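So the structure is just underneath, and the comments pick up after that.
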Amino acid sequence: MQPFSTHTGVVIPFDRRNVDTDAILPKQYLKMLEKTGFGDFLFDDERYLDPGDVETPLAERRQNPDFILNQAPYTQGTILLAGDNFGCGSSREHAVWALADFGIRVIIAPGFGEIFYNNCINNGVLPAVVKQAVAAELTGLCRATPGLELTVDLESRQLSHPRHGLWPFAIEDGRRQALLEGLDEIGLTLERAEAIRAFEANRRVREPWLFTE
């Protein structure tokens, strides 16, 4: 997993509450098991005029010109600014895969679905929790200045813009450290591999009957 320290990118103002994972990536795409290849289907139901069409080649599908991800400069956006409870609903990790594959590195919101939040951490996407007033202020700035770029600093837990100021965001210390080091839950476990091996070796001595064949 790619470590996260700082990131600067175009903000996509997606000012909606309670966006569920089925809206982020519809269920018909869950048959694909690799983490890549989902970006083209992000928000599929709104992004295309022929939503959910898995049979038609992507090049032949009709994009919805009114949807923000089809509009410049947001086609190159890497920071998603969302409403409260983003990523609620089912536990599908594919939703985060689709966001990451599109190029999203940071999601800013007042709150997240719990499982979605964990999936973000495990896939190198920063879920930055901000107060509702901060989300509203940033949304206003984005509407007034299409293509607004923010810098996200995980070390200091701050969002910044050279002219508009600084805004704090929240993330738990352990999750912050995992992102800084580029470690998912498996990576964090493997960091303790020596201690795990020592424990198992000691257990074989203390409880040998558990290991008889």
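Note that the coordinates shown come from a computational prediction; the quantities given were computed from them, not determined experimentally. Residues: numbered from 1 along the sequence shown.
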Contacts satisfying side-chain hydrogen bond (donor to acceptor under 3.5 Å, both in side chains) that involve residues 67-78 (not counting sequence neighbours) are His7-Thr78

Output all residues satisfying side chain to side chain donor-acceptor pair (under 3.5 Å) with [X], sequence neighbours left out; order by chain, then residue number.
X      : result
Gln158 : none
Gln28  : none
Thr151 : Thr8

By salt bridge (charged side-chain N to carboxylate O under 4.0 Å, His left out) - contacts of Asp101 (at least two apart):
none

By salt bridge (charged side-chain N to carboxylate O under 4.0 Å, His left out) - contacts of Glu137 (at least two apart):
none

What pairs with [X] under side chain to side chain contact (heavy atoms under 4.5 Å, CB included), at least two apart in sequence or on another chain?
X      : result
Arg62  : Leu49, Asp50
Lys27  : Asp22, Leu30, Arg92
Asn85  : Asn18, Cys88
Thr145 : Leu148

Pairs in or reaching into residues 164-180: which pass salt bridge (charged side-chain N to carboxylate O under 4.0 Å, His left out), with residues at least two apart or in two chains?
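Qualifying pairs, neighbours excluded: Glu155-Arg176, Arg157-Asp173.
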
ring-ring contact (aromatic ring centres under 6.0 Å, His included) involving Phe102 - partner list, sequence neighbours excluded
none

